[in-house]
Each structure stands twice: as structure tokens, then as C-alpha cells.
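One structure below.
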Amino acid sequence: MPEPVITRFAPSPTGYLHVGGARTALFNWLLARHSGGKFYIRVEDTDRERNRPELLLPILNGMSALGLTADVFEGAGETCFDGLVSGDPWERRAVLQSKRLPAHQVAARHLLDSGMAYRCVCSAEELAERRTAAQKAGRQPGYDRRCRELAVGEDAAPFVVRFRSPLGGTTAWIDEIKGALAFENDQIEDFVILRSDGTPTYNLAAVADDAWMKISHVVRGDDHVSNTPKQILLYRGLGYEVPRFAHVPMILGGDRSRLSKRHGATSVTAYLDEEGFLPDALRNYLVRLGWSLGDQEVISLEEMIAGFSLEGCGTAAAVFDRDKLTWLSGHYVRHRDPEVLAREWARFLGLPERGDARVAVAADARLVRIVRALQERAKTLAEMTQLGQLFLTADDRVALPAPDSKDAKKWLTPDGVAALGELLAALDGIEPFETAEIHAALTRLAESREGKLARVAQPARIAVSGGTVSPPIDETLAILGREVVRSRLGRAIAHFQAA
RNA sequence: GGCCCCGUAGUCCAACGGUUAGGACGCUGGCCUUUCAAGCCGGAAGCCCGGGUUCAACUCCCGGCGGGGUCACCA
């Protein structure tokens with residue numbers, strides 16, 4: 001009778017979903033889905049500063065974008081996040097830790113009553129003073145346990161509640177990823193579990209809630225290992241079963257320090273909405289960072305779920321490699337159904353501050369055709385937008401290169417301009433104005449030029465797009481349509497002839 | 001500094017006592033080609049160091065070195 005697997009992602013509302021957090025969430029989600037268990041979200045907002053919806057929503061939205069749906073925690077009652085508006089997809093999908101205050105106080109009370117915790121009246125200033133003094137004297141900076149045996153009563157003005165850590169022995173556990181881990185108990189200070197305002201600190205709240213939600217596997221970042229012995233002590237003190245722990249290694253920046261803003265983009269939203277990476281690609285990249293399925297690089301969601309295991313997770317921190325993410329994204333762009341891609345691109349283009357690109361190219365057949373032409377050369381939606389600019393821009397807005405620029409000098413020679421003229425003249429004879437017919441016409445014009453298609457195609461490309469790069473020229477012209485091509489050809493001829 | 005973790009090419013992973021150390025990104029040579037991509041073929045590049053254990057170590061043990069994390073009334 002295997003125990004049910006119940007995991008959770010417990011973000012602190014920071015206003016954005018960090019890719020490291022996203023990976024942690026993904027691992028939790030995969031573990032639960034792999035074993036048919038549950039995956040919950042619990043928001044660690046006991047710090048009042050962070051208890052604001054606008055700091056939480058970006059995280060929830062980032063998870064939605066990656067497809068990391070949470071299960072409803074049935075016992076949540078009034079503690080769940082209701083969303084900002086009714087019908088919010090996250091309604092009842094996230095437990096708010098701040099609403100568990102009474103339960104946390106009961107837990108602290110229990111510890112106090114059983115002598116496993118005590119009140120401390122040392123002020124923050126005194127603590128800071130003694131800490132620096134201790135450091136100066138070369139002693140450990142932790143709390144000096146001054147109030148440990150004072151038996152401070154509850155009527156004693158402002159006080160915090162501290163956990164009475166064991167003075168000897170060790171606290172150990174078998175980490176599902178890192179293996180056997182152990183800490184000497186005298187390394188564990190008498191940490192605060194209840195602040196002077198009566199609210200719980202992280203360790204108490206996390207333990208009380210994980211036990212309440214019956215979390216079986218606590219999968220979280222590496223940076224939490226030193227909290228683990230404290231939490232194990234709390235679980236035991238509270239009489240709860242200790243869950244399994246799995247600490248996943250950090251994600252590093254290029255300089256091998258913890259990935260942060262100074263390394264560039266770190267939020268899921270930035271990668272998805274601003275840089276236009278496909279969500280599947282980001283998810284695939286993230287799961288591959290620290291977990292592997294043999295030598296397989298491209299892994300579908302189904303394969304991830306079927307093959308995921310904590311044992312398969314690596315133990316070393318990994319550097320975030322944007323180039324590889326880009327390659328993966330390109331793979332997903334190329335293999336995506338054009339109609340689906342077109343919708344995603346339209347939404348990407350619809351974002352604010354995207355200027356010219358917003359020119360109405362309704363999600364119609366033409367857009368899909370453009371996507372087909374672009375998808376094998378664009379690696380992200382942003383790149384697609386850039387490469388597709390010639391299709392999105394109004395005729396007179398295509399920026400032609402200066403007549404004395406390198407490209408113009410190479411291709412818009414007198415003969416190049418002449419080719420443009422011949423093409424312009426041939427336009428009305430191309431019927432229908434479609435790829436194959438256009439191709440035939442271009443080939444004909446190339447005949448008098450040693451059969452070199454490039455001598456016709458490149459000038460045309462520049463005339464029509466302003467640059468030397470575009471999808472195949474025949475298809476490009478067909479998509480643009482006879483009249484647009486006529487207008488751009490005429491404009492280009494005038495522009496380059498003047499030189 | 002104390003404690004904890006980590007160490008296969010520039011980067012991400014595979015190998016889990018016996019392989020010419022495998023794959024991928026990136027880099028690079030070529031093919032293809034109307035541009036750019038994509039695709040295909042080829043190349044350079046790696047087991048941190050030193051001791052053990054063993055018939056045999058990238059794999060196990062110890063030490064060193066290097067990197068990271070953590071030491072709050074933040075989570």
C-alpha cells in the first residue's frame with residue numbers, strides 16, 4: 001500500500017516567478033502527476049509586506065503559462081486565495097498561509113506548554129549588539145540563549161517565542177536527492193518561531209502547514225537544507241510525521257553564482273511574454289536542467305510525467321544556458337502546428353508597446369501562411385516578429401538601405417535595378433499570382449543573368465523587405481500580393497536609380 | 001569564519017568497477033541552396049589534484065583545492 005504522494009510549491013509573493021522557482025514547481029508537479037498524487041500551491045505570505053495580490057498574481061500566471069495546474073486542497077476552507085475577480089482561474093487553487101494564523105499560534109502554544117519553546121525578551125537592538133560583539137570576539141553569531149532558562153511569563157511585555165533546540169546529538173535525514181545529510185544539534189540555534197506581534201516565522205508556519213496539508217514530499221531549493229534540521233525538530237516536537245525531503249540544486253548564472261537579475265532575465269514572464277520563447281521549450285529546458293531521461297533532449301510533457309523521478313535528479317548546481325534554451329525554442333517553433341503557432345504569435349503581437357507590429361493582421365489564413373514561411377527560421381516569437389516585419393509593415397514604411405550601403409552596392413547594381421524593372425513589367429503577366437508561377441517568372445529573368453537566380457532574387461528581396469534575408473522570395477512575393485509588390489518595386493527602383 | 005552541499009569539454013546531461021568516456025547546445029570545416037535558417041556529413045574540446053581500496057577506477061574511501069549555499073522577529 002504505497003502512501004499517496006502529495007507535493008506542494010510554496011512561493012513567497014515576490015512579484016514574479018523566477019525560473020529557479022519555476023523549475024522547483026515543475027519538479028513538484030511532475031512528481032505528483034507521475035504517481036497520480038496531488039500538487040498544491042501554498043503561498044508563504046506570513047510576512048505582511050508580501051501579503052499583496054499584485055505580488056502573487058505574476059507567480060500564478062507564470063505557472064499557468066507553463067501548464068502547471070494545481071489541485072484544489074479540499075481542506076482549505078477559508079484559507080484559499082479567491083482571485084481578484086470571481087471566475088479567476090486560480091480561484092480556490094492556492095492556500096494563503098497568512099490565513100492560517102490561529103493554527104500557527106496553537107502550534108506555538110503547544111510547544112510552549114510542553115516546554116519545547118520559551119519566551120524571550122531580548123530586543124532586536126540587544127541581539128544585534130551581542131551578535132556583532134560575538135563575531136568580533138570570534139564566537140558564533142547565533143542567539144546566546146540568554147532567556148532559555150528564565151521562564152518568562154506571557155505577561156512580560158513584548159516577547160518572541162523561541163524553540164528550545166537540543167544541546168547535543170545530531171539531526172539527520174535521507175534526502176531524496178542528496179542522500180544522507182546530518183547536522184550537529186548545537187549548530188541549531190534557538191530560532192524564533194513566533195514574532196513579538198504574534199505571527200509565525202517561516203519554519204513554524206511551513207511545518208504546521210505541510211503537516212496540515214499532509215505533504216508527503218517536500219521538494220524545494222537547495223538553499224533550504226540548513227532549515228531542514230530545524231523543521232524536523234519542529235515536526236517531532238509537534239508530534240507530526242516527518243515528510244520526505246528532496247533538495248534540488250540551484251540554478252546559476254554565467255559566473256556560477258546564484259542566478260539573479262544582474263545575469264539578465266530571470267522571470268518566466270520575461271522569457272515568455274517579452275522574449276517570446278515558447279512555454280513548452282522553457283519547460284523542456286528547465287526539466288533538463290538537473291534531470292535527465294538518458295540522452296534525450298527533446299522531451300514531451302507525457303514523457304516527462306512518465307519518466308520523472310527524484311532519483312533521476314542531479315546533485316550539482318547548473319548554469320542557465322540561454323543559447324540552449326533558444327535552440328530548444330527553435331525546435332518547438334519548427335514543429336508546432338502553424339495554426340496554433342499563429343494564434344500564439346498573434347497574442348504575442350497583441351501585447352502593448354509593440355508598436356508597428358500591431359498592424360492588423362487578423363488571425364486569418366494569411367497569418368497562418370506567414371507563419372508557415374517564418375517558422376523554420378525563427379527560434380522565438382520575438383525573432384518571428386523581426387523576420388516577419390516585411391509582412392506586418394505598411395508599404396511605405398519598409399526601410400530601404402542607403403544606395404551606398406554594402407548590400408545595395410552588391411545587389412542593386414545597374415543590372416540589379418534593371419532586374420527590378422523587368423520584374424515590375426512582368427507582374428501583370430503572372431497568373432495566378434502564386435508561388436509556382438512567380439518562381440517561373442523569376443527563373444525566366446535569371447536566364448539572361450547566367451541563370452543565377454540570386455541576381456534577381458536578392459534585388460527583389462531588398463526591394464520588398466529592405467534587407468537580404470527573407471523566406472523564399474517566390475513565396476514571399478506571393479504572400480505580399482501583386483499590388484504590394486508592385487508598389488514596393490516601384491519605390492525601390494526610384495530609390496536606387498537616384499543614386 | 002562555522003556548518004552544509006557540489007566538482008565529466010565553455011555549458012547542460014549520460015556512464016553508476018572493465019566503453020576507443022556517449023548525447024546535446026555553442027564553436028568550427030564541408031555539403032545543400034535564390035538569402036537566412038533548417039537539414040546532412042566531419043572536427044576541435046572533458047573525467048579538479050593527490051593518496052589509498054581493487055586484478056581493474058570517471059565510478060568506492062580519505063585528504064587537498066576550487067565553486068556554491070546558509071548563518072534574521074525574510075522566506
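Convention: sequence-line order gives letters A, B, ...; per-chain numbering from 1.
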Hey, would you say the [X] and [Y] ring centroids sit under 6.0 Å apart?
X      : Y      : result
A/Y202 : A/H224 : yes
A/F277 : A/Y332 : no
A/Y271 : A/F320 : yes

d([atom1], [X]; [atom2], [N]) in whole Å:
X      : N     : atom1 : atom2 : answer
A/K136 : B/G2  : NZ    : P     : 20 Å
A/N284 : B/A24 : CG    : C1'   : 11 Å
A/M250 : B/G69 : CE    : P     : 9 Å
A/Q231 : B/U70 : CD    : C1'   : 14 Å
A/D144 : B/C71 : CG    : P     : 19 Å
A/D323 : B/A24 : CG    : C1'   : 13 Å
A/R220 : B/U70 : CZ    : P     : 13 Å

Which nucleotide, if any, forms a Watson-Crick or G-U wobble pair with [N], using both distances under 3.5 Å?
N     : answer
B/G39 : B/C31
B/U11 : B/A24
B/U70 : B/G2

For A/D280, is there an ion pair with A/R283 - N to carboxylate O distance below 4.0 angstrom? yes
Have a look at [X] and say if it touches a base, only the backbone sugar-phosphate, or nothing, with a 4.0 Å heavy-atom cut-off.
X      : answer
A/V160 : base
A/T201 : sugar-phosphate
A/R455 : nothing
A/R162 : sugar-phosphate
A/N227 : base

Residue of the set A/Y235, A/F191, A/Y118, A/Y143 for which ring-ring contact (aromatic ring centres under 6.0 Å, His included) holds with A/F163: A/F191
By salt bridge (charged side-chain N to carboxylate O under 4.0 Å, His left out), A/R258 pairs with (sequence neighbours left out) A/D223
For A/K324, salt bridge (charged side-chain N to carboxylate O under 4.0 Å, His left out) partners two or more places apart: A/E297
Can you build the contact string for nucleotides 32-42 of chain B? Use B for base contact, S for sugar-phosphate-only contact, and - for no protein heavy atom under 4.0 Å. --BBBBSS---
Starting at the 5' end of nucleotides 3-12 of chain B, put B wherever the base has a protein heavy atom under 4.0 Å, S where only the sugar-phosphate does, and a dash everywhere else. SSSSS---SB
Run the side-chain donor-acceptor check on residues 372-379 of chain A: report pairs under 3.5 Å with partners two or more places apart or on a different chain.
{"from": "A/Q375", "atom 1": "NE2", "to": "A/V333", "atom 2": "O", "distance (Å)": "2.9"}
{"from": "A/Q375", "atom 1": "NE2", "to": "A/R336", "atom 2": "O", "distance (Å)": "3.1"}
{"from": "A/R377", "atom 1": "NH1", "to": "A/A373", "atom 2": "O", "distance (Å)": "2.9"}

Report the relative orientation of the aromatic rings in A/H247 and A/F245; use parallel for angles under 30°, tilted for 30 to 60°, perpendicular for over 60°. parallel
Relative to the 5' end of RNA chain B, which residue comes earlier, A/C313 or A/D295, by the nucleotide with the nearest heavy atom? A/C313
Are OP1 or OP2 of B/C25 and a side-chain N or O of A/R322 less than 4.0 angstrom apart? no
Find out whether [X] and [Y] are in side-chain contact, i.e. whether some heavy atom of one side chain is under 4.5 Å from a heavy atom of the other.
X      : Y      : answer
A/T79  : A/W212 : yes
A/Q389 : A/L392 : yes
A/V456 : A/R449 : yes

Is there any protein nitrogen or oxygen under 3.5 Å from a nitrogen or oxygen in nucleotides 64-66 of chain B, and what are the pairs?
none

